Amino acid sequence: MVRSETPKSVAATRGMLAHFFASSKTRSFSSSFSTLSTPSSSSHKLSKSVTEETIENAELIITKWDPNSSSITRVTSLFHGNRDEAEDFLSSVRDLRRAMHTLVSEHSTSVMLVLSQKLMEMAMARLQKEFYQILAATRDQLDPESISVRSPDGSIEDENELGSEEEFKTAGESITNVVRVVAVAMSDLKSIADCMMSSGYSIECVNIYKLVRKSVVDEGLYLLGIEKFRSSQIHKMNWKALEHMIKNWMNAVIAVKTLLSGEKALCDHVFSASQTIKESCFSEITKGAINLFRFPVHVAKCKKLPERIFPLMELYEALSDLQPEVELIFNSESTSDIKLQVVSSLHGLGESIRGILSDFVSTIQNDSSKTLIVGGGIHPLTQKVMSYISSLADYSRILSDIVSDSPPPRNTALPEAYFESPTSDSGLTPAVSVHLAWLIFVLLCKLDRKAEVYKDMSLSYLFLANNVQSVLDKVCTTHLNVLLGEDWVFKHAKKVIQYASTYETMAWGKVFSSLPDINSPPLSPEEAKECFQRFNAAFEEAYKKQVSWVVPDRKLRDELKVSIAKELIPAYREFYDMHRMMLRENNFEMFVRFTPDDLGNYIAHLFHGTALSGSSPPPTPR
């Protein structure tokens with residue numbers, strides 16, 4: 001109803017309204033109705049009557065729900081009770097806003113403006129209270145998974161889209177009551193937010209939303225173990241504790257993706273009427289998430305030790321897999337700092353991993369151990385390096401990203417012309433394959449230097465054959481086989497054969513040459529005696545020297561035995577059989593220490609690191 005005012009109060013009201021409509025709260029009023037045409041003078045009286053009636057109708061429902069009244073509505077919820085009345089309330093606020101704009105543009109001296117302003121403030125106070133109550137009451141229900149429930153057309157379901165109770169029950173048993181509560185809450189929050197923003201109260205609405213939802217996100221991050229650590233704190237931790245933190249981070253990063261995407265869906269839905277508001281609001285709410293993406297780069301700055309490369313690559317993989325999702329979630333300029341932090345952390349991890357690989361190469365090259373491996377067996381450096389490289393191969397997908405733009409660190413001290421780079425059928429060899437092949441090449445070059453420790457040249461070649469075979473075994477039984485390819489394996493298998501052949505020639509050449517050519521005529525008794533003596537001495541020397549030598553690889557060991565036996569036993573058997581009768585007649589049996597079968601027996605027991613049971617070859621004639 002129209003209330004009388006004194007001239008003094010009217011003047012005061014005019015001043016207050018001038019200030020109100022000049023503020024950020026009321027700019028939306030004037031902008032909303034700037035396109036409306038001014039009524040003609042003939043309809044002036046009628047227009048005024050409708051406006052006053054609109055204000056009086058709005059007064060009835062708004063004053064009923066005055067949050068400062070002493071009535072029952074003060075402690076009850078408008079949206080939790082009669083939903084038709086809640087819609088009437090929102091409709092009345094919208095009508096009141098239009099009426100106020102009409103009064104400002106056509107009847108700026110109307111005393112109804114005072115009442116309208118008081119009603120609007122009363123309505124906004126009620127909506128602020130309702131907005132907070134809904135957010136607080138559904139705090140636990142508005143979780144990321146529930147928020148992500150969408151209708152077939154891609155929009156978030158609201159109460160109206162759910163239809164009648166019967167339709168709701170029939171629609172699908174998987175739609176639970178919780179989902180319905182969430183859908184209704186989201187619909188109400190959006191309706192209130194739209195009303196408050198269009199009425200010029202966006203700041204109040206956003207502040208309430210941020211107050212509640214930021215605490216939800218911060219609590220979620222805390223429960224996931226996301227803390228704000230300074231770089232100095234992380235560097236002081238022992239590695240075991242830091243590994244535990246890395247595992248926690250790996251688990252958290254999976255869950256936090258859902259947390260952040262759900263929060264963005266809620267924020268986008270509630271503030272869909274304003275792109276600027278929903279972006280700035282989401283940015284403020286998720287500000288603490290930057291600590292999640294800053295953690296990896298702090299770890300990357302820790303001391304670079306070879307074994308730490310694997311947790312770093314796991315961090316890199318998890319962050320890299322998450323990056324596309326981060327780009328979608330934080331897709332505004334106001335949240336660009338989080339996207340930049342992810343890029344920075346990936347760069348830091350990549351630099352650290354490349355640094356560890358470079359240090360690993362230097363570690364191999366600078367290995368100064370002079371330990372003589374008894375029997376020419378597998379050097380510990382071979383086992384350690386190949387175990388490390390084969391483990392790197394298991395991370396080939398991540399390594400491929402990291403080393404794609406950085407070639408292996410070459411060292412001019414190495415014979416790079418001998419580097420066997422792997423090749424693929426397509427002709428495009430992955431950078432990770434080249435990088436791992438280079439690491440193996442560095443090892444093989446170091447093994448060449450290690451072989452120089454042996455004074456016996458034949459043993460140095462046996463050492464090389466053993467160690468290159470060990471490298472091949474590791475390659476063929478791990479993912480390295482796929483990365484390096486058959487051609488690389490074939491080339492290095494040839495090296496093993498070359499080393500083994502050189503060993504055989506140097507270790508058994510004197511024994512082979514002590515026998516006459518297989519096609520030569522029979523020797524005289526004296527010549528045969530001398531030949532047997534030379535052979536006995538050469539074989540005993542070779543056997544005694546090699547009795548402690550080892551060939552760990554069973555296949556290589558058997559191949560060496562067969563090769564030596566094929567070269568030695570047939571020639572000896574021919575010589576033995578040819579001169580056996582002569583030896584018996586001339587009592588030369590005392591000069592024959594080995595039968596052909598004896599040789600086979602002794603050769604069969606080579607390369608195990610122990611002599612034939614009993615002793616080395618008998619030193620006295622039979």
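What you see is a predicted model; the values in this text were computed from it and never measured.
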Just by modelled atom types, is the K257 backbone N or O under 3.5 Å from a matching donor or acceptor in the S261 side chain?
yes
Look only at the side chain of S345 and the backbone of Q341, and say whether a donor-acceptor pair between them is shorter than 3.5 Å.
yes
In Å and rounded to the nearest 0.5 Å, what is the CZ to CG distance from R573 to L568?
11.0 Å
Note: Y388 and P306 closest approach over all heavy atoms is OH-O, 2.6 Å
In short, I603 meets A565 closest at the heavy-atom pair CD1-CA, 4.1 Å
Could you tell me whether the side chain of F310 reaches within less than 4.5 Å of the side chain of L392, counting heavy atoms only?
yes
Nearest heavy-atom neighbours spanning V297 and S344
CG2-O, 4.1 Å
With side chain to side chain contact (heavy atoms under 4.5 Å, CB included) as the test, would you mind laying out the steps for L462 and L560 before giving the verdict?
CA-CA 10 Å; L462 184 65; L560 280 172; 3.9 Å; yes
Mind checking whether K287 and I338 have side chains closer than 4.5 Å, heavy atoms only?
no
Counterpart residues, side chain to side chain contact (heavy atoms under 4.5 Å, CB included), relative to H379 (two or more places apart):
S369, I373, L381, T382, L447, K450, F463, N467
Please determine whether the number of non-hydrogen atoms from other residues, nucleotides or ligands lying under 6.0 Å from atom NZ of K561 exceeds 12.
yes
Sole candidate of L319, V299, L224 that passes side chain to side chain contact (heavy atoms under 4.5 Å, CB included) when paired with W249
L319
Close side-chain approach of W438 and V434, heavy atoms under 4.5 Å
no
Is there a side-chain contact between V342 and K339 in this structure, where contact means two heavy atoms from C-beta onward sitting under 4.5 Å apart?
no
L349 CG to I398 CD1 distance, which is reported to the nearest 0.5 Å
11.5 Å
Please step through side chain to side chain donor-acceptor pair (under 3.5 Å) for the pair S563 and E504, ending with a clear verdict.
CA-CA 8 Å; S563 179; E504 186 179 323; 2.6 Å; yes
Does G348 offer a backbone N or O that forms a donor-acceptor pair with the side chain of S352 under 3.5 Å?
no
When every non-hydrogen atom of Y454 is compared with those of G376, the smallest separation belongs to OH-CA, 3.7 Å
Tightest non-hydrogen contact, residues S396 and H479, listed as OG-NE2, 3.4 Å
Drop me the distance from L484's CG to I440's CD1, to the nearest 0.5 angstrom.
5.0 Å
Taking D218 for the side chain and G288 for the main chain, is one N or O donor matched with an acceptor at less than 3.5 Å?
no
To the nearest 0.5 Å, tell me how far L443 CG sits from F441 CZ.
11.0 Å
Step by step, work out the side chain to side chain contact (heavy atoms under 4.5 Å, CB included) result for R308 and C302.
CA-CA 9 Å; R308 296 184 179 181; C302 293; 4.2 Å; yes
Beyond-backbone contact of S332 with S283, side-chain heavy atoms, under 4.5 angstrom:
no
Rounding to 0.5 Å, atoms SG (C476) and CG (N481) come to a distance of 5.0 Å
Flag the pair I402 / Y395 as yes when at least one side-chain heavy-atom distance between them is below 4.5 Å, and no otherwise.
no
Quick one, V343 and H347 - any side-chain contact, counting heavy atoms below 4.5 Å?
no
Side chain to side chain contact (heavy atoms under 4.5 Å, CB included) assessment of E279 paired with E333
CA-CA 8 Å; E279 287 180 0; E333 186 176 349; 5.9 Å; no
Heavy atoms, side chains only, cut-off 4.5 Å: are L346 and S320 in contact?
yes
Just by distance, do the side chain of H244 and the backbone of K240 share a donor-acceptor pair under 3.5 Å?
no
Tell me if the NZ atom of K545 is crowded by more than 12 foreign heavy atoms within 6.0 Å.
yes
Just wondering, are more than 12 heavy atoms of other shown residues or ligands nearer than 6.0 Å to NZ in K214?
yes
Rounded to the nearest 0.5 Å, how far does CG of L312 lie from CD of E307?
10.5 Å
Can you name the nearest heavy-atom pair linking I564 to F512, along with the distance?
O-CE2, 4.2 Å
Test item: T363 side-chain N/O and D359 main-chain N/O as donor-acceptor pair under 3.5 Å:
yes
Result of checking F575, F539, Y543 against F594 for ring-ring contact (aromatic ring centres under 6.0 Å, His included):
F539
Give a yes or no on whether the backbone of P596 and the side-chain of Y576 come within a donor-acceptor separation of less than 3.5 Å.
no
S501 side chain vs I497 backbone, donor-acceptor pair below 3.5 Å
no
Between K491 and D487, is there a side-chain N and carboxylate O pair less than 4.0 Å apart?
yes
Are the side chain of S458 and the backbone of M506 linked by a donor-acceptor contact shorter than 3.5 Å?
no
Would D321 and R397 pass as an ion pair if we require N to O under 4.0 Å?
yes
Distance to the ring centre below 6.0 angstrom and angle to the axis at most 45 degrees; does that hold for K264 and F282?
yes
Counting distance only, does the side-chain N/O of N601 pair as donor-acceptor with the main-chain N or O of D597 below 3.5 Å?
no
Would you say that more than 12 heavy atoms from the other residues, nucleotides or ligands in this model lie under 6.0 Å from the OH of Y461, or not?
no
Over 12 non-hydrogen atoms of neighbours within 6.0 angstrom of CD in E325
yes
Stepwise side chain to side chain contact (heavy atoms under 4.5 Å, CB included) check, F330 with L260:
CA-CA 9 Å; F330 301 97; L260 297 176; 3.7 Å; yes
State, without any angle test, whether T595 and D598 hold a side-chain donor-acceptor pair at a distance under 3.5 Å.
yes
